A.B. asks: 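Starting off with a structure, shown below.
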Amino acid sequence: MTLRHLLKSKRERVTPPASASAPRTAPSPEATTAAALAAVLFSWPNWQFRKVESREFQHGSYSLTRVSIDCIPQPLPGLTYTVEGGPGGPTKMLMVPLTLMAKGALRSFDMRDGSGNPMPIIGRSEYADLMILTLLHELRGAPTRNVNQAALRKALRTVVDGDADLALAVATELLESGTFQKQHCLKAEVLSEYSANLVLRLAESYVLIALLSHERGGHRQVIKYAHHSEERLVRASPARRFLVAAGIRTLRAEFALSHPEGSASHHFELVVPEGITCVRLTMPGGYPQTDRNTGDGSPSGVAHAVASYARTPTDRAAAEFAVPFSGLRSTAMYACFLTAGILLLGLLLPGAQEALLDASDGAAALLLAVPAVVVVLVIGGSEHVIVTSMLRPLRSVVIACALLLLACAGSIVGVLHDPFRYPLWWIGAVWSFATGWALLWSHVRGR
């Protein structure tokens with residue numbers, strides 16, 4: 001049985017056969033905790049009503065991710081966590097499994113409750129023990145008759161605490177053949193889709209478990225956290241980048257969402273940096289943009305989309321970015337037309353070339369003043385790689401105009417003789433005019 005077929009075979013959770021004559025005994029604290037964690041993980045969307053994920057571009061390839069979750073933390077007995085050693089004695093806290101996070105280091109992580117107070121989270125070693133108990137509870141009907149418990153626990157520890165690649169390989173072996181290191185551990189054919197999917201998700205991700213003041217359990221509130229994430233560089237050919245910079249095409253970028261199936265509705269906001277605009281934002285699964293606020297909180301606006309998921313989406317949210325006419329695009333266009341105008345006047349006005357050669361020092365000083373101005377206009381500060389990749393062609397155009405004027409000034413100072421000086425000026429004039437018109441064309445067409 002393949003893994004794909006296994007995940008589609010059953011949707012119910014595993015329930016072990018109960019014996020009518022088995023005596024009823026009080027569950028252990030570990031079993032109570034495992035059952036409580038399994039219950040809240042299974043019913044995430046029932047107590048997490050709305051998740052808002054906001055992505056704001058920073059410098060380089062980093063972006064700031066802010067997430068707020070509107071929820072009612074479940075005050076189940078097994079979720080009580082006691083903090084020892086406080087000034088007032090032991091403190092009762094409540095474990096709140098908030099979301100699934102991709103395995104890896106968190107940069108600049110910060111979590112706050114609805115009042116703005118910092119919230120602690122469960123550490124790695126405690127987390128591994130809790131998740132092993134939870135998985136054993138979920139898989140309680142699947143272990144083989146004479147299972148090696150040590151081998152099964154070792155396999156589950158590798159799944160929840162191991163490197164993502166190794167953990168996924170172990171999880172796949174468990175789900176496909178029910179074995180770990182050639183020892184039979186599980187009856188893979190009885191696993192439900194939910195249980196198998198949970199094992200796979202815990203191999204690739206971990207559950208972020210926050211600690212909340214116990215008396216705040218059962219009350220609706222908003223919990224927020226933030227961290228830095230790294231975006232993948234958008235790949236595009238130089239020709240495509242120029243068409244994007246000219247406003248003729250858009251640049252598509254994809255963003256992985258943070259556990260979108262864990263809440264009743266998932267909202268994704270993209271804070272668009274200055275210099276570019278977002279013309280379309282779609283959620284995974286083809287959900288169209290449902291709302292957009294172009295004047296909320298940043299010079300270029302905030303793109304907003306929302307969707308609901310019963311299962312983990314297989315694709316990513318997608319945004320299409322464009323370069324507006326105002327800003328660097330218009331600056332590059334003016335630089336091109338100014339360069340073309342200067343060169344055409346020098347070529348077409350009667351006696352212009354002879355006058356420039358006679359006053360070569362003054363003409364060179366005049367032409368060299370223009371590059372100094374245009375280079376200042378394209379100096380960029382710290383920005384995101386997506387912004388840099390979209391605006392670099394425009395900066396290259398402006399610098400090319402400056403270098404072209406510099407070359408023409410050099411042809412006068414150095415008294416470049418025909419037939420070389422005229423072709424240089426004509427090629428420069430035609431190129432700068434054609435480039436300027438290309439930058440203007442999409443703006444004229446869009447009116």
Side-chain angles (χ1 to χ4, degrees), residues 36-56 63-76 79 81 93-114 117-124 126-128 130-131 134-135 138 159-161 164 167 194 197-212 216-217 220-230 255-270 283-284 305-314 316-317:
L37 284 171
V40 294
L41 294 181
F42 182 74
S43 60
W44 246 325
N46 294 334
W47 59 275
Q48 290 192 11
F49 310 111
R50 186 172 186 263
K51 177 187 284 187
V52 179
E53 180 181 356
S54 175
R55 202 74 59 89
E56 180 178 353
S63 60
L64 178 61
T65 299
R66 293 187 178 96
V67 179
S68 64
I69 301 176
D70 180 6
C71 62
I72 299 180
Q74 301 298 291
L76 302 181
L79 299 182
Y81 184 94
M93 306 287 285
L94 182 68
M95 290 189 292
V96 185
L98 283 177
T99 188
L100 285 172
M101 304 279 288
K103 287 183 176 180
L106 281 178
R107 301 176 178 88
S108 303
F109 180 80
D110 181 56
M111 177 176 286
R112 305 274 171 169
D113 60 19
N117 300 316
M119 294 179 63
I121 61 175
I122 292 293
R124 180 171 180 173
E126 285 183 292
Y127 164 79
L130 289 170
M131 287 299 105
T134 304
L135 286 178
E138 278 296 331
V159 168
V160 301
D161 196 35
Y194 172 78
N197 187 58
L198 181 62
V199 175
L200 287 175
R201 293 305 303 273
L202 292 182
E204 300 175 312
S205 316
Y206 64 92
V207 181
L208 182 65
I209 304 178
L211 295 177
L212 182 70
R216 299 195 63 178
R220 188 163 183 169
Q221 56 199 285
V222 176
I223 298 176
K224 301 179 180 180
Y225 63 90
H227 61 90
H228 279 94
S229 55
E230 190 170 6
F255 302 90
L257 299 181
S258 174
H259 193 210
E261 74 277 15
S263 58
S265 66
H266 190 95
H267 298 249
F268 183 56
E269 293 181 348
L270 199 59
M283 297 292 277
V306 60
S308 298
Y309 300 96
R311 302 185 181 187
T312 306
T314 57
R316 299 173 170 229

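Small disclaimer: the values here were computed from a predicted structure and weren't measured. All residue numbers refer to positions in the sequence shown, counting from 1.
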A.B. asks: Sub-3.5 Å donor-acceptor pair from the side chain of Ser308 to the main-chain atoms of Ala264, do we have one?
C.D. replies: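 Judged by distance alone, yes, a pair lies under 3.5 Å.
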A.B. asks: Examine distances only and state if a side-chain atom of Lys103 and a backbone atom of Tyr206 form a donor-acceptor pair shorter than 3.5 Å.
C.D. replies: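 No; zero donor-acceptor contacts below 3.5 Å.
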A.B. asks: Any chance you could measure Tyr194, atom OH, to Glu138, atom CD, to the nearest 0.5 Å?
C.D. replies: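 Taking OH in Tyr194 and CD in Glu138, the distance rounds to 5.0 Å.
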A.B. asks: With the side chain counted from C-beta on, respond yes when Tyr225 and Leu106 share a heavy-atom pair under 4.5 Å apart, and no when they do not.
C.D. replies: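 Answer no - side chains too far apart.
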A.B. asks: Rounded to the nearest 0.5 Å, what separates atom CD in Gln221 from atom CD1 in Ile72?
C.D. replies: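 Gln221 atom CD to Ile72 atom CD1 measures 9.0 Å (nearest 0.5 Å).
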A.B. asks: Are Tyr127 and Asp161 close enough that some pair of their side-chain heavy atoms sits under 4.5 Å apart?
C.D. replies: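 The answer is no, as the side chains (C-beta and beyond) never meet within the 4.5 Å cut-off.
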A.B. asks: In Å and rounded to the nearest 0.5 Å, what is the CD1 to CE distance from Ile223 to Met111?
C.D. replies: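 If I round to the nearest 0.5 Å, the distance is 7.0 Å.
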A.B. asks: Start with the C-alpha distance between Met95 and Leu130, add both sets of side-chain angles, then the distance that settles side chain to side chain contact (heavy atoms under 4.5 Å, CB included), and finish with yes or no.
C.D. replies: CA-CA 11 Å; Met95 290 189 292; Leu130 289 170; 3.8 Å; yes
A.B. asks: Is there side-chain contact between Phe255 and Thr65, with at least one heavy-atom pair below 4.5 Å?
C.D. replies: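 Contact flag for Phe255/Thr65 side chains = no.
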A.B. asks: For Arg316, which residues count as a side-chain contact (heavy atoms from CB on, under 4.5 Å) partner, sequence neighbours excluded?
C.D. replies: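 Arg316: side-chain contact (heavy atoms from CB on, under 4.5 Å) contacts with Arg232, Glu254, Ala256.
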A.B. asks: Considering only heavy atoms from C-beta outward, does the side chain of Leu211 approach that of Val96 to under 4.5 Å?
C.D. replies: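 The answer is no, as the side chains (C-beta and beyond) never meet within the 4.5 Å cut-off.
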A.B. asks: Are any non-hydrogen side-chain atoms of Arg112 and Pro118 less than 4.5 angstrom apart?
C.D. replies: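 When only atoms from C-beta onward are counted, Pro118 and Arg112 do touch, with a gap below 4.5 Å.
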A.B. asks: What pair of heavy atoms forms the shortest contact from Ala226 to Arg66, and how long is it?
C.D. replies: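 Heavy atoms only, the tightest pair is CB-CG, 4.1 Å.
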A.B. asks: Could you check whether atom NZ of Lys224 has more than 12 heavy atoms from other residues, nucleotides or ligands sitting under 6.0 Å from it?
C.D. replies: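 No, NZ of Lys224 has 12 or fewer neighbouring heavy atoms, counting only those of other groups under 6.0 Å.
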A.B. asks: Looking at residues at least two apart in the chain, or sitting in another chain, which of them share a side-chain hydrogen bond (donor to acceptor under 3.5 Å, both in side chains) with Ser43?
C.D. replies: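 Per chain and number, Ser43 pairs via side-chain hydrogen bond (donor to acceptor under 3.5 Å, both in side chains) with no residue.
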A.B. asks: Working note: Trp44 + Leu100, criterion side chain to side chain contact (heavy atoms under 4.5 Å, CB included); need CA distance, chi angles, decisive distance, verdict.
C.D. replies: CA-CA 11 Å; Trp44 246 325; Leu100 285 172; 4.0 Å; yes
A.B. asks: Locate the shortest heavy-atom distance separating Pro313 from Pro284; write the atom from each residue and the value.
C.D. replies: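 Smallest interatomic distance, heavy atoms only, reads CB-CB, 3.6 Å.
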A.B. asks: Between Gly262 and Gln48, what is the shortest heavy-atom contact and its length?
C.D. replies: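 It is O-OE1, 3.3 Å.
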A.B. asks: Quick one: closest heavy-atom pair of Pro73 and Leu212, and the distance?
C.D. replies: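 Shortest heavy-atom contact: CG-CD2, 3.7 Å.
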A.B. asks: Heavy atoms only: give me the nearest Gly217-Leu94 pair and the separation to one decimal.
C.D. replies: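 Gly217 and Leu94 have their closest heavy atoms at CA-CD2, 3.6 Å.
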A.B. asks: Would you mind reporting whether Lys51 and His266 have side-chain heavy atoms less than 4.5 Å apart?
C.D. replies: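 His266 reaches Lys51 side chain to side chain.
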A.B. asks: Does Ser68 have any side-chain hydrogen bond (donor to acceptor under 3.5 Å, both in side chains) partners at least two apart in sequence or in another chain, and if so, which?
C.D. replies: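 Testing Ser68 for side-chain hydrogen bond (donor to acceptor under 3.5 Å, both in side chains), a comparison that skips the adjacent residues, returns none.
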A.B. asks: Is there side-chain contact between Met131 and Ile209, with heavy atoms separated by less than 4.5 Å?
C.D. replies: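 Answer yes - side chains close enough.
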A.B. asks: Could you tell me which residues satisfy ring pair (Phe, Tyr, Trp, His ring centres under 6.0 Å) with His227, sequence neighbours excluded, listed by chain and number?
C.D. replies: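 For His227, no residue satisfies ring pair (Phe, Tyr, Trp, His ring centres under 6.0 Å) once neighbours in sequence are set aside.
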A.B. asks: Any side-chain heavy-atom pair from Ile122 and Tyr81 closer than 4.5 angstrom?
C.D. replies: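 Yes, at least one pair of side-chain atoms sits under 4.5 Å.
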A.B. asks: To the nearest 0.5 angstrom, please state how far the CG atom of Leu41 sits from the CG atom of Leu135.
C.D. replies: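 So the CG of Leu41 and the CG of Leu135 are separated by 9.0 Å.
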A.B. asks: Apply side-chain hydrogen bond (donor to acceptor under 3.5 Å, both in side chains) to residues Ser229 and Ser63 and explain how you reach the verdict.
C.D. replies: CA-CA 5 Å; Ser229 55; Ser63 60; 3.1 Å; yes
A.B. asks: Of all the heavy-atom pairs spanning Arg201 and Thr312, show the shortest one and how long it is.
C.D. replies: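 Scanning both residues, the minimum pair turns out to be NH1-OG1, 2.7 Å.
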A.B. asks: If you measure from CD on Gln74 to CG on Asn46, what distance do you get to the nearest 0.5 Å?
C.D. replies: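 So the gap between those two atoms works out to 8.5 Å.
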A.B. asks: Under the criterion side chain to side chain contact (heavy atoms under 4.5 Å, CB included), I'd like the reasoning laid out for Leu98 against Ile69: C-alpha separation, chi angles, the key distance, then a yes or no.
C.D. replies: CA-CA 8 Å; Leu98 283 177; Ile69 301 176; 4.2 Å; yes
A.B. asks: Can you name the salt bridge (Lys or Arg N to Asp or Glu O under 4.0 Å) partners of Arg107, sequence neighbours left out?
C.D. replies: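 Listed in chain order: nothing, the list is empty.
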A.B. asks: Say you draw a straight line from CZ of Arg55 to CG of Leu257; how long is it, rounded to the nearest 0.5 Å?
C.D. replies: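 That separation rounds to 7.0 Å.
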A.B. asks: Considering residues at least two apart in sequence or located in another chain, which fulfil the salt bridge (Lys or Arg N to Asp or Glu O under 4.0 Å) criterion with Glu269?
C.D. replies: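 Listed in chain order: nothing, the list is empty.
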